[in-house]
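Each chain gets a letter, A, B and so on, in the order the sequences are listed, and its residues count up from 1.
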Amino acid sequence: MPELPEVETVVRGLRDEVVGRRFTHVSCHWPPQIVGLSPEAFASRLVGRCVEALNRRGKFIVFDLSEGALLIHLKMTGRLYVAARGEREEADRWLRAVFEMDDGRELRFSDLRKFGRLYLVSQASQVIGGLGPEPLSDDFTLDEFLARLARRRGMIKPLLLNQRFIAGIGNIYADEALWLARIDPRRRADTLKPHEAERLYHAIRTVLEDGIRYEGASVNWYRKADGATGSYQDHFNVYRRAGQPCSRCGASIHKIRVGQRGTHFCPTCQV
DNA sequence: CGGACAACCTGGCGGC
DNA sequence: TGCCGCCAGGTTGTCC
């Protein structure tokens with residue numbers, strides 16, 4: 001579930017804790033989560049490197065290091081937080097990797113379902129180079145969005161989930177953006193009228209900004225870096241609201257499958 | 001290109 | 001109470 005707003009919230013919460021720190025010891029408990037390296041090589045290469053910057057690109061957390069970059073994708077149940085070394089470590093039964101730092105604290109990666117991935121590369125672009133535009137940046141322009149939509153024949157919702165088309169949107173924000181734009185998730189992208197596509201463009205930005213403002217949606221596993229929940233789930237209009245009334249027209253919210261994904265929408269006002 | 005589906009994992013939940 | 005099977009969802013890879 002961590003999507004753009006959740007990952008952004010985690011990054012903001014961690015930045016001051018890790019930037020400027022040097023890794024002194026690294027351990028990983030589930031080797032398949034490290035992409036392309038053995039846990040030993042991953043650990044030995046990280047030790048001694050400093051964190052120069054911490055940023056987000058799409059749903060990736062990007063650590064710029066004194067040499068190379070560490071990238072972490074939380075997938076669905078990953079968590080990242082800082083704790084005092086050894087403190088209550090046994091309390092986290094899903095701890096998968098520990099990065100000890102030179103201030104006596106440690107960065108912890110916890111992940112119930114083990115879908116999360118860790119990458120250590122010389123250039124971050126090796127991992128994130130294929131991502132589509134960052135929806136809250138100036139690179140994401142209305143004109144380009146309209147032009148790219150017009151070239152797609154598939155359904156609009158799966159397209160919004162395609163990270164090569166646009167980075168950072170997941171199931172929650174896709175449903176919420178389509179509701180706000182009053183567009184049926186099954187519409188073919190190239191059939192959207194210009195005014196509909198423009199509504200969608202603004203809706204994407206609005207729901208992502210709202211998500212960040214409320215520090216993410218804690219539907220089940222997501223937590224902020226300090227362990228607290230976000231509150232965007234209290235502002236959902238469609239996600240997980242099947243059977244409840246649409247806040248715009250009063251009709252009942254439906255849940256269907258679109259592109260093999262659970263999809264929530266209002267059949268009356270999303271056309 | 002697009003769509004369907006499996007795979008990667010675990011826990012929660014409904015049904016029996 | 002326990003067991004079974006489905007569902008949840010981010011991403012990749014395979015197949016048609």
Side-chain angles (χ1 to χ4, degrees), chain A residues 1-11 28-36 56-62 71-80 91-97 109-119 121 126-132 134-135 147-178 184-192 207-208 211 216-223 230 232-233 236 238-243 253-265:
Chain A
M1 326 231 131
E3 305 180 26
L4 187 156
E6 288 74 27
V7 178
E8 179 65 26
T9 302
V10 169
V11 164
C28 175
H29 318 138
W30 190 252
Q33 297 199 279
I34 302 170
V35 178
R56 176 194 59 73
R57 175 75 172 94
K59 301 173 192 172
F60 286 88
I61 298 168
V62 183
L71 292 92
I72 298 181
H73 197 302
L74 301 174
K75 291 287 177 84
M76 288 180 295
T77 58
R79 289 183 193 169
L80 209 50
D92 188 343
R93 51 184 288 215
W94 303 299
L95 196 60
R96 308 297 181 203
F109 172 65
S110 170
D111 185 10
L112 181 152
R113 288 178 67 179
K114 302 175 177 170
F115 283 5
R117 289 293 178 265
L118 311 175
Y119 305 80
V121 290
Q126 294 169 248
V127 180
I128 56 178
L131 291 178
E134 195 61 40
R148 297 181 70 210
L149 275 181
R151 282 184 242 126
R152 295 297 192 129
R153 275 170 268 186
M155 292 183 288
I156 185 62
K157 173 165 175 185
L159 187 59
L160 294 182
L161 296 177
N162 182 343
Q163 303 299 300
R164 294 177 169 280
F165 182 77
I166 181 171
I169 300 176
N171 210 37
I172 294 173
Y173 295 90
D175 283 0
E176 293 297 328
L178 288 165
D184 188 306
R186 299 162 293 188
R187 284 282 296 282
R188 258 177 61 155
D190 61 357
T191 68
L192 295 184
V207 299
L208 294 174
S218 291
V219 168
N220 40 33
W221 296 102
Y222 161 73
R223 292 294 182 276
Y232 188 60
Q233 67 278 6
F236 287 163
V238 282
Y239 188 77
R240 287 208 164 183
R241 291 196 67 242
I253 299 300
H254 283 205
K255 182 177 181 185
I256 60 174
R257 290 197 86 76
V258 176
Q260 289 80 240
R261 306 297 300 278
T263 297
H264 314 73
F265 75 115

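For A:R257, whose side chain is taken as the heavy atoms from C-beta onward, the closest listed nucleotide among B:dA4, C:dG10, C:dA8 is C:dA8. Side-chain proximity of A:K255 to the nucleotides B:dG11, B:dG2, C:dA8 is greatest for C:dA8. In the set B:dG3, C:dG10, C:dA8, C:dG10 carries the atom at the smallest distance from any side-chain atom of A:H73. Checked against B:dG3, B:dT10, C:dG10, the side chain of A:M76 finds its nearest nucleotide in C:dG10. Taking the side chain of A:M155 as heavy atoms from C-beta on, and the options B:dG3, C:dT11, B:dG11, the nearest nucleotide is B:dG3. The nucleotide whose nearest atom lies closest to any side-chain atom of A:E3 is, among B:dC5, C:dG10, B:dG2, C:dG10. Closest to the side chain of A:W30, from the set B:dA4, B:dG11, B:dC9, is B:dC9. Listed nucleotides B:dG11, B:dG2, C:dA8 differ in distance to A:R152; the shortest reach to its side chain belongs to B:dG2. Of the listed nucleotides (C:dG10, B:dC5, B:dT10), B:dT10 has the atom at the smallest distance from the side chain of A:K114. Out of B:dG11, C:dG10, B:dC9, the shortest distance to the side chain of A:K75 is found at C:dG10.
Distance check, rounded to the nearest 0.5 Å: CG of A:L74 to CE of A:M76 gives 11.5 Å. Here the CD1 atom belonging to A:I156 is positioned 6.0 Å from the CZ atom belonging to A:F165, to the nearest 0.5 angstrom. Rounding to the nearest 0.5 Å places NZ of A:K157 at 8.5 Å from CD1 of A:I256. A distance of 8.5 Å separates CD in A:E3 from CD1 in A:I169, rounded to the nearest 0.5 Å. Going from atom CZ of A:R164 over to atom CG of A:L131 covers 8.0 Å, rounded to the nearest 0.5 Å.
Relative orientation of the A:H254 and A:F265 rings is perpendicular, given thresholds of 30° and 60° on the angle between their planes.
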message: For A:Y173 and A:Y232: C-alpha separation, side-chain torsions, deciding distance, then whether ring pair (Phe, Tyr, Trp, His ring centres under 6.0 Å) applies.
response: CA-CA 10 Å; A:Y173 295 90; A:Y232 188 60; 5.3 Å; yes
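Between A:Q163 and C:dG10 there is no side-chain polar atom (N or O) within less than 4.0 angstrom of OP1 or OP2. Proximity of A:R164 to the phosphate of C:dT11: no side-chain N or O atom is located under 4.0 Å from OP1 or OP2. Checking the phosphate oxygens (OP1, OP2) of B:dG2, no side-chain nitrogen or oxygen of A:R151 falls inside 4.0 Å. When the side-chain nitrogen and oxygen atoms of A:W94 are compared with OP1 and OP2 of B:dG11, one or more of them lie within a distance under 4.0 Å.
Between A:I172 atom CD1 and C:dA8 atom P there is a gap of 13 Å when expressed in whole angstrom units. Atom CG in A:N162 sits roughly 9 Å away from atom P in B:dG2 (whole-Å rounding). Spacing between atom CD of A:Q233 and atom C1' of C:dA8 amounts to 16 Å, rounded to whole angstrom units. Separating the NZ atom of A:K157 from the P atom of C:dG10 is a distance of 9 Å, rounded to the nearest angstrom. Between the CG atom of A:D111 and the P atom of B:dG11 there is a distance of 11 Å, given to the nearest Å. Separating the CG atom of A:L161 from the P atom of B:dA4 is a distance of 14 Å, rounded to the nearest angstrom. If you take CG of A:L149 and P of B:dG2, they are 12 Å apart, rounded to a whole angstrom. Counting to the nearest Å, the C1' atom of C:dG10 and the OH atom of A:Y119 are 10 Å from each other.
Here A:R188 lies out of heavy-atom contact (under 4.0 Å) with every strand. When heavy atoms are screened at a 4.0 angstrom cut-off, A:R117 is found touching no nucleic acid atom at all. Heavy atoms of A:Y239 sit under 4.0 angstrom from primed sugar atoms or phosphate atoms, though from no base atom. Nucleic acid contact class of A:R96 (heavy atoms, under 4.0 Å, all strands): none.
In a base pair of the Watson-Crick type (N1 to N3 plus N6-O4 or O6-N4) or a G-U wobble (N1-O2 and O6-N3), with each distance short of 3.5 Å, B:dC9 is matched with no nucleotide.
When the C1' atom is compared between C:dC6 and B:dA6, the two are found 16 Å apart, to the nearest whole Å.
Under the stacking definition used here (centres under 5.5 Å, planes under 30°), the residue A:F115 qualifies as stacked on the base of B:dC8.
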